[in-house]
Structures are given as structure tokens and as C-alpha cells.
Amino acid sequence: MDERAVEGLYAAFEDVPRPRVVAGCPCCVEPDEDGALLARPLRELGVDDLGRYAAKAMTTWGTDEDFRYFAPRLLELAADDAFGWPSVEIVFGKLGMVPWPQWPQREALERFLAAFWSRTLTRHPAHPDAGTALCALSLAVCDVTPYLDEWERLDTGAAIRHLRDFATEGLIRRRGKWVRLRNAHWDTGGRPHRQAIAWFTEGPALRAVHAAFERTDDEPTLELLLEIEQSLSTPGG
């Protein structure tokens, strides 16, 4: 991750007090299970310390304020796909459960999410890949247009390869129409899903591909762009 975005995240949250206890549902969480969460400074907590909490935060373990304390470390680890389980979609989705746009840490969170996406588009392969990263972001924000606009520039070879992967594998087609995005974590009734479907199927992605054709004469890149164009132009049955 971009070091400035990560450091900015920790700095923004540094005044959030550490909880004295992190209570959970007695059916799901042992009474002393929060010991590992509170035993060390936040930045020293690892995936073994935070993994179960990351999956259960605010559903069966802890409050919104508890999550606010752990958020910088949870997001940093999830952005690097460090947990394995819970997935980055689940961890980023915790942001969608809290009113973080009203938090004083809003700008730091926005910078972190933007840096996470920008890093994804500059590396291929990337872990998580662009399809997973976009889904994760869709669960944290109510508008993915800025991320799609950045992808639309197709200004790196990695961004083009990610689009090829998504165009060929990330869309579910039925009877010649795109009906949803393949990642099961997408909220198919939500605004970000509609925005992403529209971007891929109603012209913007294809226009980006056509613009990229005009900018390059690199044969491997042209082959990738042609593959994307064919996939987006001819949805399967």
C-alpha cells in the first residue's frame, strides 16, 4: 500500500481510544477472547490476533466504536489480502455498516481506499485482483464512479490486463444479456452494482478500449484490447 495513505490512516485514528473490553455474543465469542485484541499496540496485531474479530465485528462481536479503534489495522491487512479469511470484501464491507462518511476520519479513509484501488490498477497479477478490489470497495462506499473513471483511463498495462480478466470472467451472462457481476459478495440491489454493470455493458468500458487502440501499436497490448472488445461486444448465451 501507499505508505502515505497508510500512515495518514493511523494518524487520523490515533485519538480513538482503545476499548477496555470487546464483548461478543456469548454463543459465538468466549468471555476472554478479546484478550488477544487488547494485548498489544494496534499496529503490532497480526492476522492471527484479528482474524476472527475481522469476520465477526459488529455482527456478533463488539460495537461500532470498537470497530473504529481497530479499523486502520483491519483495513491495512485486508488491503494486502493478508487474512485469507475473512476476505477483503467482508472486511471492507464492515465500513458499509457504519456511518464513516460522518466520521472526522473520512478524508483519511477516502485517501486510503483510493490508494488501494490505484495500487491494484498498477499491478498484474494483483492480490486482490481488480474484480475483487472493486467489489470490496462497492461494499464500503455508495458510489464507485470515481474508481471506474480511473480504470477507464487504461493508462497502465496492468489496468488493461485486469479489464481483460474481468470482461472474460467477471460478468454473468444469460440469454445474450449481462445480468450481474460474478463475485457473490456484490449487493446486486445496490447502486454500486448498477453503476458497474452500466460501465461494463452500456459503453464506457468499450469506449475506453477503443481509445486505447488509438494510443498503442504494441502487438501484445492490441491483442488484449481485441479480446476485451470481443467479449464486451458479444455477450454469451
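Values below: all heavy atoms of this structure, side chains included; hydrogens, waters and symmetry mates excluded.
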Close side-chain approach of [X] to [Y], heavy-atom, < 4.5 Å:
X      : Y      : result
Met58  : Lys94  : yes
Val144 : Trp199 : no
Pro19  : Leu38  : yes
Leu224 : Leu163 : no
Leu225 : Thr221 : yes
Phe92  : Leu139 : no
Thr63  : Asp66  : yes
Asp64  : Trp100 : no

Assigning hydrophobic clusters by single linkage (Ile, Leu, Val, Met, Phe, Trp, Tyr; side-chain heavy-atom cutoff under 4.5 Å), is [X] placed with [Y]?
X      : Y      : result
Val21  : Val29  : no
Phe200 : Phe213 : yes
Val209 : Ile197 : yes
Phe116 : Ile90  : no

How many angstroms lie between atom [atom1] of [X] and atom [atom2] of [Y], to the nearest 0.5 angstrom?
X      : Y      : atom1 : atom2 : value
Leu37  : Arg52  : CG    : CZ    : 10.0 Å
Leu232 : Arg164 : CG    : CZ    : 12.5 Å
Ile160 : Asp155 : CD1   : CG    : 8.5 Å
Leu75  : Leu113 : CG    : CG    : 7.0 Å
Tyr69  : Asp15  : OH    : CG    : 12.5 Å
Asp129 : Arg123 : CG    : CZ    : 11.5 Å

Minimum-distance pair of heavy atoms, taken over all atoms of [X] and [Y]:
X      : Y      : value
Ala114 : Tyr147 : CA-CE2, 4.2 Å
Ala54  : Val91  : CB-CG2, 4.2 Å
Trp117 : Ala130 : CZ3-O, 3.5 Å
His185 : Asn183 : N-OD1, 2.9 Å
Ala108 : Ala12  : CB-CB, 3.4 Å
Ala196 : Trp186 : CB-CH2, 3.9 Å

Backbone N/O of [Y] and side chain of [X]: donor-acceptor pair under 3.5 Å:
X      : Y      : answer
Gln105 : Phe13  : no
Trp85  : Ala55  : no
His193 : Leu181 : yes
Ser118 : Ala115 : no
Thr156 : Leu121 : yes
Arg68  : Val98  : no
Ser231 : Ala167 : yes
His162 : Thr120 : yes
Arg194 : Gly189 : yes

> Does one side chain, of Ser87 or Glu89, offer a donor that lies under 3.5 Å from an acceptor on the other?
Replying inline: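 Checked: Ser87/Glu89 side chains pair up, N/O donor to acceptor below 3.5 Å.
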Under 6.0 Å from the [atom1] atom of [X], do we count more than 12 heavy atoms belonging to anything else shown?
X      : atom1 : value
Glu44  : CD    : yes
Gln102 : CD    : yes
Arg43  : CZ    : yes
Arg73  : CZ    : yes

> Does the side-chain hydrogen bond (donor to acceptor under 3.5 Å, both in side chains) test come out yes or no for Asp218 and Thr216, once each step is laid out?
Replying inline: CA-CA 6 Å; Asp218 177 71; Thr216 185; 5.1 Å; no
> Hey, mind stepping through Leu148 and Leu134 against side chain to side chain contact (heavy atoms under 4.5 Å, CB included) and telling me if it holds?
Replying inline: CA-CA 9 Å; Leu148 295 172; Leu134 185 64; 3.9 Å; yes
> Can we say Arg4 and Glu7 salt-bridge, meaning some charged N sits less than 4.0 Å from an Asp/Glu carboxylate O?
Replying inline: no
> Arg111 and Asp2: side chain to side chain contact (heavy atoms under 4.5 Å, CB included), yes or no, with the steps?
Replying inline: CA-CA 10 Å; Arg111 286 193 294 269; Asp2 181 278; over 6 Å; no
>> Going by the rule ring-ring contact (aromatic ring centres under 6.0 Å, His included), which residues pair with Phe112 if we only count those two or more places apart in sequence or in a different chain?
In response: none
> What residue pairs, at least two apart or across chains, pass ring-ring contact (aromatic ring centres under 6.0 Å, His included) with a residue in residues 33-61?
Replying inline: Tyr53-Trp61, Tyr53-Phe70
> Should the ring pair Phe67 and Trp103 be called parallel, tilted or perpendicular, given that the plane angle runs from 0 to 90° and is split at 30 and 60?
Replying inline: tilted
> Relative to the ring of Phe166, is the ring of Trp151 parallel (under 30°), tilted (30 to 60°) or perpendicular (over 60°)?
Replying inline: perpendicular
>> For a side-chain hydrogen bond (donor to acceptor under 3.5 Å, both in side chains) check, start with the C-alpha distance between Thr168 and Glu227, then their side-chain angles and the critical distance, and finish with the verdict.
In response: CA-CA 8 Å; Thr168 56; Glu227 189 175 353; 5.0 Å; no
